[in-house]
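Report on one structure; see the data block that follows.
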Amino acid sequence: MSENKQPDPNQFLSGLSGAPSPEELEAAHAADEFDALSAARAEIATLQAKNAELADSYLRAKADTENARRRADEDISKARKFAVESFAESLLPVADSLEAGLGMATATAEQLREGTEATLKQLKSALERNKVLEINSSPGVKFDPHHHQAVGVVPSDLEANTIVSVLQKGYVIADRILRPALVMVSAPK
């Protein structure tokens, strides 16, 4: 007779506890790929947001730089345009004094001299306030080619290359030579 064959329980259990089937492996692999794809998409979204943020920061910084450059150019333009304003303001009293002196029809020579001396004092004061200073070129001072221009050499009892006389005063403005003093210097003995 034919025996009724029953499935072996060990065989059933080995299928459950054994190696995964190809379908299970494919499903696990697909799940891993999906997780990796989701992670990559999240990272791409994060990087795109960071890129947009950096692009915005760059544009703002560029605009700030351009604005600062424009403001600096405007400031330089104004400084050039109005650089002499302070100097001109300090010369206005000198001009007023000269006009007042010329307006006096019956002034004596003494009054004109006093007015001229007062006006010269105002002028020197205005120059000093604006850092325009005379170069020391008095006779007996050693000749300095950076501050003096020798017009001629004359025999003298002074040491060689010493200023004998000043033909025209020299001036500096903020340690820069505006005009050298024109001087005569002593000749070597």
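All heavy atoms count here, side chains included; hydrogens, waters and symmetry mates do not.
Checking side-chain atoms of H148 against main-chain N and O of D144 turns up a donor-acceptor pair under 3.5 Å. A side-chain donor-acceptor contact under 3.5 Å links S57 to the backbone of E53.
Residues R179 and Q149 are not in side-chain contact: their nearest non-hydrogen atoms beyond the backbone lie 4.5 Å or more apart. V132 places a side-chain heavy atom less than 4.5 Å from the side chain of L178. Inter-residue side-chain proximity for Y171 and I177 is flagged as unmet; no heavy-atom pair is nearer than 4.5 Å. Taking the side chain as every heavy atom from C-beta outward, L91 and N130 never approach each other to under 4.5 Å. Between H147 and V172, some side-chain heavy-atom pair lies under the 4.5 Å cut-off. Within the 4.5 Å cutoff, side-chain heavy atoms of E24 are placed close to those of S21. For the pair V185/T162, no side-chain contact is recorded, criterion being any heavy-atom separation below 4.5 Å from C-beta on. Looking at S137 and V166, their side chains come closer than 4.5 Å, going by heavy atoms from C-beta outward.
Of all non-hydrogen atoms in T106 and Q111, the two that sit nearest each other are O-OE1, 4.1 Å. Across L112 and G101, no two heavy atoms sit closer than the pair CD2-O, 4.2 Å. Nearest heavy-atom pair across A160 and P188 is CB-CA, 3.7 Å. Nearest heavy atom pair, residue P180 against residue I135, reads CA-CD1, 4.4 Å. The two residues S186 and V164 come nearest to each other via the heavy atoms N-CG2, 3.5 Å. The two atoms that bring T119 and S97 nearest to each other are OG1-CB, 3.4 Å, heavy atoms only.
Q122 CD to L98 CG: the interatomic distance, rounded to the nearest 0.5 Å, is 8.5 Å. Atom CD of residue E134 and atom NZ of residue K124 lie 5.0 Å apart, to the nearest 0.5 angstrom. Atom CD in E89 sits 10.0 Å away from atom CZ in R129 (nearest 0.5 Å). Atom OG of S156 is separated from atom CG of N161 by 11.5 Å, given to the nearest 0.5 angstrom. A distance of 4.5 Å separates CG of L127 from CG of L123, quoted to the nearest 0.5 Å. In this structure, L158 CG and K142 NZ are separated by 10.5 Å, a value rounded to the nearest 0.5 Å.
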* To do: Any chance you could lay out the side-chain hydrogen bond (donor to acceptor under 3.5 Å, both in side chains) test for N67 and T65, step after step, and finish with the verdict?
  => CA-CA 5 Å; N67 287 339; T65 303; over 6 Å; no
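Ion pairing between K78 and E74 fails under the 4.0 Å rule for side-chain N and carboxylate O. Salt-bridge annotation for D56 and R60: present, with a side-chain N of the basic residue lying under 4.0 Å from a carboxylate O of the acidic one.
Around atom CG of D32, more than 12 heavy atoms belonging to other residues, nucleotides or ligands sit under 6.0 Å away. Other residues, nucleotides and ligands contribute over 12 non-hydrogen atoms within 6.0 Å of the CD atom of E117. Other residues, nucleotides and ligands place more than 12 heavy atoms under 6.0 Å from the CZ atom of R70.
Clustering ILVMFWY residues whenever any of their side-chain heavy atoms sit less than 4.5 angstrom apart, transitively, puts I163 in a cluster other than the one holding L167.
A side-chain N or O of S138 and one of N136 form a donor-acceptor pair less than 3.5 Å apart.
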